[in-house]
Amino acid sequence: MTAVAARPEVRSAARGGSWVVYRCELAKLVRQVKVQAAAILCLLAPFLFVSALNVQSNTPQDTLFGRWVHDSGFSIPLVVLGFAGQWALPALTSVVAGDIFSCEDRYGTWKTILTRSRSRSQVFVGKALAAMTYSIAMTALVAVSSLAAGVLLVGRQPLIGLSGTLLQPGHCVVLVLVAWATVLPPVLAFTALGLLLSVASRNSALGVGGPVVIGLALQLASLVNAPEVVRMLLPTTPFGAWHGLFTDPPFHGPLAQGAVVSAVYFVLFVGGAHALLRRRDITEG
Amino acid sequence: MDEPSSPAIEALGLTKRFEDTVAVAGVDLRVGPGRVHGMLGPNGAGKTTLLTMLMGLVRPDAGSIRILGRTREEFGARVLDGVAGFVESPRFYPYLSGRRNLTLLAELDGGPAASRIDEALELVDLRDQAGAKVGGYSVGMRQRLGIAGALLRDPRLLILDEPASGLDPAGMRDMRALVARLAGDGVTVLLSSHDMGEVEELCDDVTIMRRGGVVFDGSMERLRERAPDPAFRLATSDDERALTMAGDTPGVAAAVAGRELIVHAQREHLDEYVIALGRAGVAVRRLDLESSPLEALFFALTEAEEPKEPAPDVPQEVAP
Ligand SMILES: Nc1ncnc2c1ncn2[C@@H]1O[C@H](COP(=O)(O)OP(=O)(O)OP(=O)(O)O)[C@@H](O)[C@H]1O
Ligand SMILES: [Mg+2]
């Protein structure tokens with residue numbers, strides 16, 4: 001048996017603590033099979049979707065831009081966006097957000113990471129940032145891959161906007177990317193919901209399934225004629241705010257509204273999750 | 001920050017309730033610097049709860065904790081700088097290798113510990129299995145990995161909750177040797193255990209808990225002084241006669257236990273007694289140590305009927 005040599009100072013935990021936790025969490029995430037599977041799914045699903053559309057003549061008429069799926073590749077990322085906002089994005093984000101805290105309960109590893117001179121707040125911030133990074137990365141991945149699938153498998157034809165004006169390919173690329181960017185606020189709000197459920201339930205099934213069920217239930221609630229003010233305050237409504245980008249003239253009101261609503265949910269959920277984690281006793285594991 | 005003479009751990013009036021259970025009831029604990037301090041107690045005595053409070057995992061309902069001269073109120077999570085260890089069995093990410101788990105912990109510590117990881121793995125004899133996923137590790141291998149993870153922090157205070165649990169005899173021997181060596185290097189060790197022999201071998205001081213309270217706190221020598229005579233299990237060709245003779249031999253007490261006798265005596269009195277039995281034509285068929293003096297004391301302290309107050313003969317002293 002040899003001695004563990006020299007005694008390098010365990011560096012001060014205060015500065016950059018969250019950043020260190022964040023990097024460790026990312027390192028853990030990229031090694032998880034479910035994250036690798038989600039990335040592959042995001043990359044391939046749009047291509048499979050377009051391939052499936054290409055072998056049939058009918059179109060998803062009831063979805064915005066659905067009728068143009070054979071005429072302009074730029075309709076593809078928008079159709080995907082229309083579907084995704086309903087449940088796929090909440091589901092995709094909660095795969096990580098709903099599990100990132102409760103997995104420590106499942107593995108019994110809270111005590112392992114919380115006895116390394118990192119404060120609970122630093123661990124919380126690092127983990128929350130990692131979950132958000134994943135959510136943003138996956139959203140960007142679906143956006144880019146569905147745009148690529150459309151352009152490569154259907155083509156770069158101009159697209160007819162929601163007011164009937166013809167949008168040129170260059171303009172379409174920008175609009176499509178901006179439209180996808182506008183779902184980031186509600187995506188982050190749902191990520192925060194996943195974080196809250198993950199901390200509160202200590203159970204990954206609830207953390208991952210909760211946001212999806214809640215998202216779907218709220219979509220339904222907004223379909224049955226809820227009063228406009230209620231509809232406006234639902235966290236799912238901002239997923240549709242991008243529609244205004246494709247009218248002539250464009251209207252940005254819902255985008256601003258959606259951003260504010262999402263920000264409020266985000267702050268409430270993240271604040272709640274943080275408060276719960278700080279207070280709890282770690283006795284399991 | 002902390003002078004050499006100031007205690008490594010100083011906890012006062014620590015209390016923790018879980019619903020109806022008082023897991024730890026107003027415990028004072030002082031662990032001297034460089035000492036190896038044992039915590040003993042039956043299941044549910046509150047040892048783990050006490051250690052989780054020291055490590056900041058569980059918030060005490062009352063009391064104060066000072067570790068290496070620092071409090072959590074002043075230093076936040078940095079109160080654990082220089083402290084390492086684990087409570088209950090150490091846990092890791094099963095989908096990562098042992099080495100990857102240690103790398104993550106080293107990163108969390110913020111140290112450039114790549115080379116130390118190999119040393120730590122070597123030290124706990126896990127180097128060959130370090131590349132395998134922890135999910136496939138045995139209990140003992142995880143225990144070893146836990147010790148390696150603690151050593152990465154190069155602690156001045158090591159807190160170990162039943163470190164030998166799950167280890168094979170060789171693992172236990174190595175673990176004890178490691179603790180002894182770290183103690184020799186000046187590391188303070190607080191370890192809980194169910195094994196009186198382990199505590200007797202390793203520890204300078206000992207705290208014995210029962211139902212959330214402290215029933216003994218003092219040095220190992222103090223504990224030994226208080227220990228009763230060892231107990232032996234004796235089988236003879238004529239137990240009735242042997243029992244009567246025990247009553248006539250000074251320093252020997254015997255009682256019937258089933259088909260055998262339990263004899264309490266110091267070794268020299270026991271020798272006299274056994275020789276006397278032989279002279280009297282009573283054959284000794286079996287003579288086994290039933291419980292060591294310290295075990296006997298441990299049982300007396302932890303199984304006595306409801307000692308609301310510590311019994312008068314129970315030493316209550318503070319470690320030197
Ligand atoms: N999370 C919890 N919820 C409720 N009660 C708890 C919890 N953790 C511990 N307890 C109770 O607190 C008491 C002390 O438990 P603790 O685990 O500290 O004992 P211990 O001395 O470590 O026992 P063991 O030797 O079995 O490890 C027990 O009565 C236990 O049931
Ligand atoms: Mg215990």
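Reckoned from all heavy atoms, side chains included, excluding hydrogens, waters and symmetry mates. Sequence lines set the chain letters: A, B, ... in the order given, protein chains first and strands last, and positions in each chain run from 1.
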Please flag which part of [X] lies under 4.5 Å from any non-hydrogen atom of chain A: side chain, backbone, both or neither.
| X | answer |
| --- | --- |
| B/Tyr95 | side chain |
| B/Leu104 | both |
| B/Arg100 | side chain |

For the CZ atom on B/Arg17, are there more than 12 heavy atoms of other groups (residues, nucleotides or ligands in this structure) within a distance under 6.0 Å?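 No, not enclosed.
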
As an exercise, state the distance from OG1 of A/Thr115 to CZ of B/Arg153, rounded to the nearest 0.5 Å.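 Rounded to the nearest 0.5 Å, the OG1-CZ separation comes to 7.0 Å.
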
Between B/Leu105, B/Thr52, B/Val83, which residue shows the highest count of heavy-atom pairs closer than 4.5 Å to chain A?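 Heavy-atom pair counts peak at B/Leu105.
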
I need the residue from B/Gly149, B/Gly85, B/Gly76 with the largest number of non-hydrogen atom pairs under 4.5 Å to chain A.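 Highest number of pairs under 4.5 Å: B/Gly149.
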
Carefully, step by step, assess B/Val58 and A/Thr283 under the rule side-chain contact (heavy atoms from CB on, under 4.5 Å). CA-CA 7 Å; B/Val58 163; A/Thr283 55; 3.6 Å; yes

Heavy-atom donor-acceptor pair, B/Arg91 side chain to A/Tyr107 backbone, under 3.5 Å: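 Yes.
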
How close do [X] and [Y] get, heavy atom to heavy atom, and via which atoms?
| X | Y | answer |
| --- | --- | --- |
| A/Lys28 | B/Leu96 | CG-CD1, 4.0 Å |
| B/Gly110 | A/Arg118 | N-NH2, 3.6 Å |
| A/Ser119 | B/Ala77 | N-CB, 3.2 Å |
| B/Gly56 | A/Arg120 | O-NH2, 3.3 Å |

Indicate yes or no: at least one non-hydrogen side-chain atom of A/Arg116 is less than 4.5 angstrom from one of B/Leu80.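 They are not in contact (no side-chain heavy atoms under 4.5 Å apart), so the answer is no.
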
Of the backbone (N, CA, C, O) and the side chain (C-beta and beyond), which part of A/Arg106 lies under 4.5 Å from a heavy atom of chain B, both, or neither?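 Interface part for A/Arg106: backbone (N, CA, C, O).
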
Working for side-chain contact (heavy atoms from CB on, under 4.5 Å), residues A/Val21 and B/Leu108: CA-CA 6 Å; A/Val21 175; B/Leu108 272 182; 3.8 Å; yes

